[in-house]
Amino acid sequence: MGLEEQRRLLGELAPELLEERRVEEEKKLPPLPGAEKGKVVTRLPPEPSGYMHVGHAMSGLLNYLYARMYEGRLWLRFEDTDPRKVKPEYYESFRKGYRWLGIEWDHEKNNSDDMELFYEYAERLIGMGKAYVCSCSVERVRELRRIGEECEHRGQDVETNLRLWEGMLSGRFREGEATLRLVGDMKHKNTTMRDPALFRIVEHPHPLTGTRYRVWPLYDFAVSIEDHLCGVTHVLRTSEFALRDELQNYIRSLLGMRNPIYVEYSRFEFRGTPVSKRKLRAIIESGLARSWDDPRFPTIEGLRRRGILPEAIREFTITQTGFTYAERIYDWSLLYAVNRKLLDPKARRLFFTPEPVKLRVRGFEGGEVEAPYHPENKELGSRRIRVGELYYVPGPDARAMRPGDLVRLKYLMNVRVLSVGEVVEAEFQGREPLRDVKIIQWVPVEDAVEVEVLVPGPLYLDEDEINPESLKVVKGFGESAVASVDVDEIVQFERFGFCRRDRGDKAVFIKAHD
RNA sequence: GCCCCGGUAGUAUAGCCAGGACAAGUAUUCGGGCCUUUCGAGCCCGAGACCCGGGUUCAAAUCCCGGCCGGGGCACCA
């Protein structure tokens, strides 16, 4: 009985078993607290002020996977309320990154779309006596917050606050001269509750709204309102926001809005590869890297160039991640293992000889040999290689050779080493595979293609110690079929590792891992 | 300084809330073997952990207290 036949029969006898398989995949994520099928709404809240990195990816994946798991909906909402930080190119870069990961969202908006609405809610709070215009200096606000004392502006009546707020909007105050603050509790143990600023003046054009608005909401206010407007039921985010749950819930409670359920987890990074913009910029400024899509970087583009598959990031997120509050530093091998598992069955095998050394074979008539592109996956086909007397073999292998050694050139022949030197001289010993003989890859000298492989390593050796050798360049020759590798295709150079072709004009590859 | 939150093998996690079958599961890593025309994959075997000290209990990874270590917050950033 064929597979299709079996499946059809099973569908008739026990359709639930077929269903099971699909659910299984998602099942590995723990259940979401308080989640009901069809009613879950989550969101991707990127700030378009920098490059998307693994952190955004995993957070985004979690929000997406849960929305799907409960047949709910997902928002993509740009948190773009700091005109000075937001840059137009980043909006699209996030969309692109999420798409690459296979994340599909149902709705999209920008916080900056809702400025008028934010103002309305602000006025309601002022009217309720729950917000006031404060013209203290930043330093004074900070100091009073630290010692838990109120400033004189807090006692202003609604009338005054409304007038001053109007003044903020109309430009009577300059940047830094006034903020709208929440009436919180200046003695609250949670310092975010000590009369946080809700709005401030920014005299800087916004990429989307230009100079139309000068009073911008701060994070907590914008998020509180937007999560309500989007009907968000579950907020999955990193733990540095944990202290703000209380504040955001309080703001919403004043406005009669429902609160979401929070699921928070710690931030993470991969060993030696900080996500911190500051540290990454230091690398660029030091000249070690040129751009943010450098394969050593944890940016999405960097990961992609490095040959990490989006499915691998997804699998990794589901299986290796938990909602732990403990700090974590992932070992790259954890991701590599997942990536390798996905790549292994479909990556073509090719010959590449790093640090090549010439090998001359005497007594071999030459001709052509056919070699499969994959040991098991026959669908990948094979290539024919013209062979003669001269070959390149990997430098490390050549250096280990001693006269008398028997070596097999994979798929081709066995040779006995006669002498070693600048050129290794060897003698043909038959074509049939032998047991217990070292098998190496090789490239015929006449058809060799120059290949360069970039090997990314950790950017930092320690907290602040930059690794001066984070990128190694391995040069060598590849067999002629290397020319047929498409840009972005990931192949396995036998006994070397999985590599993605990075450039079309030259055979430049980036090594993903062994 | 004040306030939160964490600490399970090298790494990442399960278990903790509802104490007992946990002499702690899984993945990765490392070591060994099998298989293989790759040092890849696959299969098998093995190594390796409950931060420390008290307490509660018949019984503690799990509950309580203290200590140590780590992270985060105390922005007119998000």
Side-chain angles (χ1 to χ4, degrees), chain A residues 28 30 45-50 79-82 84-86 111 134-139 141-142 145-148 175-181 188-194 196-202 215-220 222-223 237-246 264-268 270-271 315-316 319-338 340-341 343-345 347 349-351 371-372 374-377 394 396-397 408-414 431-435 437-441 492-498 513-514:
Chain A
K28 289 178 183 163
E47 180 189 31
S49 68
E79 312 250 278
D80 58 351
T81 49
D82 187 346
R84 243 180 259 283
K85 283 170 74 182
V86 173
N111 283 358
C134 174
S135 52
C136 292
S137 67
V138 187
E139 297 71 34
V141 169
R142 198 169 295 160
R145 179 134 52 216
R146 194 178 65 80
I147 60 177
E175 180 163 338
E177 287 178 354
T179 59
L180 183 72
R181 289 228 264 161
H188 202 109
K189 279 175 76 174
N190 179 348
T191 44
T192 61
M193 295 295 285
R194 324 246 259 222
L198 263 21
F199 286 83
R200 84 315 202 166
I201 298 165
V202 184
V215 178
W216 287 88
L218 272 317
Y219 173 73
D220 290 294
V223 151
R237 49 145 78 131
T238 43
S239 56
E240 71 262 31
F241 298 101
L243 257 12
R244 330 206 67 103
D245 300 355
E246 187 176 13
E264 280 145 351
Y265 37 87
S266 68
R267 310 177 67 153
F268 66 85
F270 284 87
R271 190 170 305 288
E315 275 295 306
F316 183 82
T319 59
Q320 302 294 320
T321 263
F323 294 125
T324 147
Y325 275 82
E327 300 69 51
R328 35 192 164 161
I329 296 176
Y330 292 113
D331 201 288
W332 278 99
S333 68
L334 261 14
L335 217 209
Y336 290 162
V338 180
R340 189 183 298 119
K341 223 152 271 172
L343 240 27
D344 190 75
R349 268 54 171 177
L350 292 169
F351 288 165
H374 195 280
E376 294 97 34
N377 184 352
D397 293 315
R408 176 163 180 80
L409 302 190
K410 191 173 178 181
Y411 297 127
L412 182 60
M413 64 176 152
N414 313 309
R431 306 196 63 141
E432 286 312 301
L434 296 171
R435 287 196 74 83
V437 164
K438 181 164 188 174
I439 299 163
I440 63 171
Q441 74 275 31
Q492 188 203 46
F493 286 139
E494 296 209 23
R495 305 203 311 137
F496 183 83
F498 291 92
H513 45 72
D514 288 336

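Computed from heavy atoms alone, side chains included, the values below leave out hydrogens, waters and symmetry copies. Naming: A, B, ... by sequence-line order, numbering from 1 per chain.
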Taken to the nearest whole Å, NE2/A/H374 to C1'/B/rA41 is 8 Å
When we call it a touch if two heavy atoms are under 4.0 Å apart, what does A/P196 touch: a base, just sugar-phosphate, or nothing? nothing
For A/Q492 and B/rU37, what is the distance between atoms CD and C1' respectively, to the nearest whole Å? 14 Å
Do the ring planes of A/F351 and A/Y411 sit parallel (below 30°), tilted (30 to 60°) or perpendicular (above 60°)? parallel
Between CG of A/D514 and C1' of B/rC30 the distance, given in whole Å, is 14 Å
Within the structure shown, what part of the strands sits under 4.0 Å from A/E376 by heavy-atom distance: base, sugar-phosphate, or nothing? base
For A/D245 and B/rC3, what is the distance between atoms CG and C1' respectively, to the nearest whole Å? 15 Å
Take N1-N3 plus N6-O4 or O6-N4 for Watson-Crick, N1-O2 plus O6-N3 for G-U, both under 3.5 Å. Which runs of 3 or more such pairs involve RNA chain B? B:1-7 with B:68-74, B:10-13 with B:25-28, B:29-34 with B:42-47, B:51-55 with B:63-67
Protein within reach of the bases, or only the backbone? For nucleotides 72-78 of chain B, mark each nucleotide 5' to 3' as B, S or -, using heavy atoms under 4.0 Å. BSSSBBB
Letter per nucleotide, 5' to 3', of nucleotides 7-15 of chain B [B base touched, S only sugar-phosphate touched, - untouched; heavy atoms, 4.0 Å]: S---BBSS-
Under 4.5 Å between any side-chain heavy atoms of A/H513 and A/W332, yes or no? no
Sorted by chain and residue number, the side chain to side chain donor-acceptor pair (under 3.5 Å) partners of A/E240 (sequence neighbours excluded) come out as A/T238, A/R267
Value in whole Å for how far the P atom of B/rU28 lies from CZ of A/F270: 15 Å
Separation of B/rU28 atom P from A/W332 atom CH2, nearest Å, is 18 Å
When the distance from CD of A/E315 to P of B/rU28 is rounded to whole Å, what number comes out? 12 Å
To the nearest angstrom, the NZ-P distance between A/K410 and B/rU36 comes to 13 Å
B/rU37 phosphate, OP1 or OP2, under 4.0 Å from A/K438 side-chain N/O: no
Check nucleotides 44-50 of chain B for protein N or O atoms closer than 3.5 Å to its own N or O atoms and list the pairs.
none

Who are the salt bridge (Lys or Arg N to Asp or Glu O under 4.0 Å) partners of A/E246, not counting sequence neighbours? none
